Amino acid sequence: MKYYKYNIFGREVLIERRSDGWKTFYQGSEGKRRNAGIFIPDEVDEPELTQYLSDLCHEWASESHPDVICLEKNH
C-alpha cells in the first residue's frame, strides 16, 4: 500500500492509496486515525495529488499556511 503524508494548509493528513481507492485520515499523536473526510476520485494519480488537494482545500489557506506540502511518501 502506498501512503503520503501531507501538510494541507496547516493540517497534517495521511493519505493512502488502496485497492479500493484513496483514503484520508487525521492521525493523532497516539497513532489513532480518524477519517479526514477528503474525497479523492480514483482517477487522480500521484503526480496530480498535490494540485488536487490545493484546489479542493483552498479555503483552508491562510497567511501563515499558504501551501500544500508533501511531507513524506512511501511506495
Side-chain angles (χ1 to χ4, degrees):
M1 170 177 32
K2 297 178 183 181
Y3 76 84
Y4 309 86
K5 191 173 192 178
Y6 269 88
N7 180 313
I8 305 174
F9 301 116
R11 301 178 191 195
E12 285 198 13
V13 178
L14 180 66
I15 302 172
E16 294 180 348
R17 177 67 163 189
R18 299 180 179 177
S19 59
D20 61 341
W22 294 101
K23 304 295 180 196
T24 61
F25 303 96
Y26 293 119
Q27 189 165 351
S29 58
E30 70 286 340
K32 292 183 181 179
R33 298 176 177 184
R34 63 184 171 92
N35 187 331
I38 301 170
F39 175 74
I40 303 171
D42 289 340
E43 59 270 8
V44 173
D45 290 326
E46 188 268 334
E48 303 168 306
L49 192 53
T50 301
Q51 185 62 51
Y52 179 82
L53 294 168
S54 181
D55 292 344
L56 182 68
C57 301
H58 68 275
E59 294 158 345
W60 296 356
S62 68
E63 193 172 301
S64 58
H65 298 288
D67 299 308
V68 174
I69 303 164
C70 184
L71 303 172
E72 185 179 339
K73 295 180 186 181
N74 180 341
H75 296 160

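All values derive from a computational prediction rather than experimental measurement. The first residue in the sequence is number 1, and the count goes up from there.
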Residue pairs passing the side chain to side chain donor-acceptor pair (under 3.5 Å) test where at least one lies in residues 41-57, sequence neighbours excluded: Y6-T50, E46-K73, Q51-D55
Would the number of heavy atoms belonging to other residues, nucleotides or ligands and lying under 6.0 Å from NZ of K23 be above 12?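 For K23, atom NZ is crowded (more than 12 foreign heavy atoms under 6.0 Å).
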Atom pair CD1 (I15) and OH (Y4), whose distance is rounded to the nearest 0.5 Å: 9.0 Å
Rounded to the nearest 0.5 Å, how far does CG of L56 lie from CG of L49?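 Answer for the CG-CG pair, L49 versus L56, is 10.5 Å.
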Indicate the atoms forming the closest heavy-atom contact of L14 with Q27, along with that distance. CD2-OE1, 3.4 Å
State, to 0.1 Å, how close F9 and P66 come at their nearest heavy-atom pair, and which atoms those are. CE2-O, 3.4 Å
How would you list, by chain and number, every residue that makes a side chain to side chain contact (heavy atoms under 4.5 Å, CB included) with E59, sequence neighbours excluded? none
For S64, check side chain to side chain contact (heavy atoms under 4.5 Å, CB included) against everything at least two apart and list the hits.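 For S64, the residues satisfying side chain to side chain contact (heavy atoms under 4.5 Å, CB included) (neighbours in sequence not counted) are S62.
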Applying a strict under-4.5 Å side-chain criterion to I, L, V, M, F, W and Y, I'd like to know whether Y3 and L53 cluster together.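 No; tracing contacts between hydrophobic side chains, which count when under 4.5 Å, never links both residues.
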Connected-component partners of L71 among ILVMFWY, side-chain separation under 4.5 Å: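 Listed partners: I69.
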Donor-acceptor pairs under 3.5 angstrom involving side-chain atoms of residues 29-40: please list them, not counting sequence neighbours.
residue: R33; atom: NH1; partner: E16; partner atom: OE2; Å: 2.5
residue: R33; atom: NH2; partner: E16; partner atom: OE2; Å: 3.0
residue: N35; atom: OD1; partner: G37; partner atom: N; Å: 2.5

Go through the structure and list residues passing ring-ring contact (aromatic ring centres under 6.0 Å, His included) with F25, not counting sequence neighbours. none
Within-4.5 Å side-chain heavy-atom neighbours: W60 and H65: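 Heavy-atom side-chain distance check fails, nothing below 4.5 Å.
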